[in-house]
Amino acid sequence: MLTIKYISDNKELVLAGLAKKGFKNFALVDAALELDATRRNAQAKLDAALAELNQLSKSIGQLMKEGKKEEADVARQRTTEIKESNKELESTMKSAETGLIDILVQIPNLPHASVPQGMRAEDNVVERMGGVIPEMSEEALPHWELAKKYDIIDFELGVKITGAGFPVYKGKGARLQRALIGFFLDNAREAGYLEIQPPYMVNATSGYGTGQLPDKEDQMYHATLDDFYLIPTAEVPVTNIYRDVILNEKDLPIKNTAYSACFRREAGSYGKDVRGLNRLHQFDKVEIVRIDTPEHSYESLKEMVDYVQTLVDKLELPWRILRLCGGDMSFTSAITFDFEVFSAAQKRWLEVSSVSNFESYQANRLKCRYKGESGKPQLCHTLNGSALALPRIVAALLENNQTPEGIRIPKALVPYTGFDMIK
RNA sequence: GGAGAGAUGCUCGAGUGGUUGAUGAGGCACGCCUGGAAAGCGUGUGUACCUCUAAAGGGUACCGCGGGUUCGAAUCCCGCUUUCUCCGCCA
């Protein structure tokens, strides 16, 4: 969340930023500022009262030692009065405090100056493109047909076992999944990322830390008996490693990578675009997470984008990078670059990665700070990106590389699959 | 799941009701010493919020978390979380 200090120092910038993001509830900003004033006022009074209380306590001890019981009793009486009047101050302060946080978590992050204006996907800007879109014959099959033809992914079987959106990968399909995970993790390691294997369930505090809660509560699977959430991305557990942590500036940037299964309810998205692997409730993804100083976070962002580009290049997929417009970015992001690959039989661009700088928005929730030479702890910047999400990569690989003899595996991946064709 | 023992600052480790934000040791930083270093000596070493603000200063809170008792709690009481040991179960 934004800090109340930033909001009160830069109200006009905040309102302009929110407008760019398509956020209309400006009243929340004033409400936050008002609650903050209430809180500060109550705390000032309460602190003064507590100071007097502490003084009285000391004097009572002293008086008792000197045997001046009556004077001590007078002081005791006074403490009772103070404590009585403190009750109201305490409840004022507490309710202002929780009310303020309730409001702040409803205010999204502000977009970076370089984020294009716009509300819809059409307003996103193509940053650059690469790879070659293959010529496809009219008989080219979409990946769900190919999956059936070669018996490598069974969607109906997943329905039987769990439900729609939980496919079963078989044989070379399963091995292709495992190959991609290994390929992505090895590349990340070579690029300097520390591999992490995180829990796939998190508590509510972690969900709040990265901003999934309360904003996207209905997008996560919730194990109510234990109040755990299945992670929608490894970003959640990995970033929460750094919750309530003060890092040393010389240890930055932190570079972590993690494979995890990801679980998303995808409530409300049905129809043609979700066929096959296009949108699943459970899928595999390798994530990269970075934590850096505000001075270096945009360098970090560029490195991450460039790194993801090397992956789609090695996989020989046609790709493009979009700079998302204000209205299309996520709640918590300050800037986001989406990677899309072209899936030649569906003739569609599919999003396979989203690389974002959250600036200090997550860090403020997480209380993730760093300390440099100057001494004072400051909020870090957090960044993350998919590198990469598997299902749509698989969809594009299957569709783009289909031949009459079978499906060709890109050279870079063969050491991981152990086969170069799916026949 | 049952029983018992713990949870204190960067780390270790004192502390069972009264100037204890917290003894001590280690670590770290700075200074002295040195040709340089080590050793030695000295000094310093948390976070958040409020107030004030150029800075300094002052105040409040924090000894796993949340309550309670008391004029006063790291210290007493209750609940929770978590770690360890033993038993049970088990991939």
Side-chain angles (χ1 to χ4, degrees), chain A residues 1-9 32-105 197-209 223-229 237 240-252 254 261 291 360 362-380:
Chain A
M1 59 195 179
L2 302 173
T3 64
I4 189 66
K5 181 157 173 33
Y6 184 84
I7 293 176
S8 91
D9 290 349
L33 291 172
E34 203 168 305
L35 280 170
D36 182 51
T38 306
R39 188 198 104 250
R40 292 210 317 267
N41 188 272
Q43 186 178 345
K45 286 183 185 157
L46 185 61
D47 281 358
L50 289 172
E52 189 184 348
L53 218 47
N54 286 339
Q55 283 305 316
L56 286 168
S57 289
K58 276 182 195 169
S59 70
I60 289 170
Q62 192 59 36
L63 290 168
M64 292 301 280
K65 218 178 273 176
E66 295 167 7
K68 299 176 181 168
K69 185 160 186 316
E70 279 172 29
E71 285 179 54
D73 282 340
V74 172
R76 260 200 200 109
Q77 182 55 35
R78 176 74 187 128
T79 66
T80 314
E81 291 164 24
I82 295 174
K83 284 202 285 188
E84 192 52 41
S85 64
N86 278 358
K87 281 181 188 163
E88 194 185 328
L89 286 172
E90 272 165 21
S91 76
T92 303
M93 196 174 98
K94 207 162 214 171
S95 69
E97 219 162 40
T98 56
L100 179 60
I101 290 172
D102 279 352
I103 288 177
L104 288 178
V105 297
Q197 210 176 81
Y200 291 178
M201 296 182 115
V202 295
N203 56 34
T205 308
S206 294
Y208 276 97
T224 53
L225 207 54
D226 296 290
D227 199 21
F228 292 154
Y229 293 86
N240 270 282
I241 292 172
Y242 303 97
R243 169 155 49 83
D244 293 320
V245 167
I246 299 178
L247 295 157
N248 201 320
E249 182 169 8
K250 65 173 187 275
D251 295 329
L252 297 175
I254 300 277
I291 297 176
S360 59
Q362 280 184 335
N364 186 36
R365 287 196 186 196
L366 292 160
K367 296 289 168 277
C368 172
R369 291 164 294 164
Y370 74 97
K371 202 147 79 162
E373 290 300 308
S374 58
K376 271 258 173 200
Q378 294 185 63
L379 290 173
C380 297

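- If A:L56 and A:N41 are placed on RNA chain B by their nearest nucleotide, the residue sitting closer to the 5' end is A:N41.
- Nucleotides B:A5 and B:C62 have their P atoms positioned 27 Å apart, rounded to a whole Å.
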> Could you run down nucleotides 56-61 of chain B 5' to 3' and tag each one B, S or - for protein heavy-atom contact under 4.0 Å?
Replying inline: ---BSS
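- Across the protein-nucleic acid pair, A:I101 atom CD1 and B:C49 atom C1' stand 12 Å apart, rounded to whole Å.
- No contact: A:A75 has no heavy atom under 4.0 Å from any strand.
- The shortest distance between the side-chain N/O atoms of A:R40 and the OP1/OP2 oxygens of B:U51 is below 4.0 Å.
- The pair A:K87-A:E90 does not count as a salt bridge, with every side-chain nitrogen at least 4.0 angstrom from each carboxylate oxygen.
- A close approach under 4.0 Å does not occur between any side-chain nitrogen or oxygen of A:R39 and OP1 or OP2 of B:C49.
- Nearest-nucleotide positions on RNA chain B for A:T80 and A:K94 put A:K94 closer to the 5' end.
- As judged by a 4.0 angstrom heavy-atom cut-off over every strand, A:K367 is placed among residues making no nucleic acid contact.
- Between A:K371 and B:U47, a side-chain N or O to OP1/OP2 separation shorter than 4.0 Å is present.
- For RNA chain B, each stem of at least three Watson-Crick or G-U pairs (distances under 3.5 Å) is given as range with range: B:1-7 with B:81-87, B:10-12 with B:24-26, B:27-32 with B:40-45, B:46-51 with B:57-62, B:64-68 with B:76-80.
- The same atom, P, is picked in B:C87 and in B:C12; the two are 28 Å apart, to the nearest Å.
- Atom C1' of nucleotide B:U45 and atom CD1 of A:I246 are separated by 14 Å, given to the nearest angstrom.
- To the nearest whole angstrom, the two P atoms, one in B:A7 and one in B:A61, are 24 Å apart.
- Rounded to whole Å, the separation between the C1' atoms of B:U53 and B:G59 comes to 15 Å.
- For the P atoms, the distance from B:C10 to B:A37 is 30 Å, rounded to whole Å.
- With both ends at atom P, the span from B:G6 to B:C90 equals 32 Å, rounded to whole Å.
- Within 6.0 Å of atom CD in A:E52, more than 12 heavy atoms from other residues, nucleotides or ligands are found, so the atom counts as buried in its surroundings.
- Residue A:R76 places no side-chain N or O under 4.0 Å from the OP1 or OP2 atom of B:U70.
- Looking only at distances, a side-chain donor or acceptor of A:T3 sits under 3.5 Å from a matching main-chain atom of A:Y6.
- In this structure, A:D73 atom CG and B:U70 atom P are separated by 15 Å, rounded to whole Å.
- At least one side-chain heavy atom of A:I254 sits under 4.5 Å from a side-chain heavy atom of A:L247.
- As rounded to the nearest Å, B:A73 and B:C63 have C1' atoms that lie 11 Å from one another.
- Across the protein-nucleic acid pair, A:L89 atom CG and B:C49 atom C1' stand 16 Å apart, rounded to whole Å.
- Atom name P, nucleotides B:U82 and B:G27: the rounded distance is 36 Å, in whole Å.
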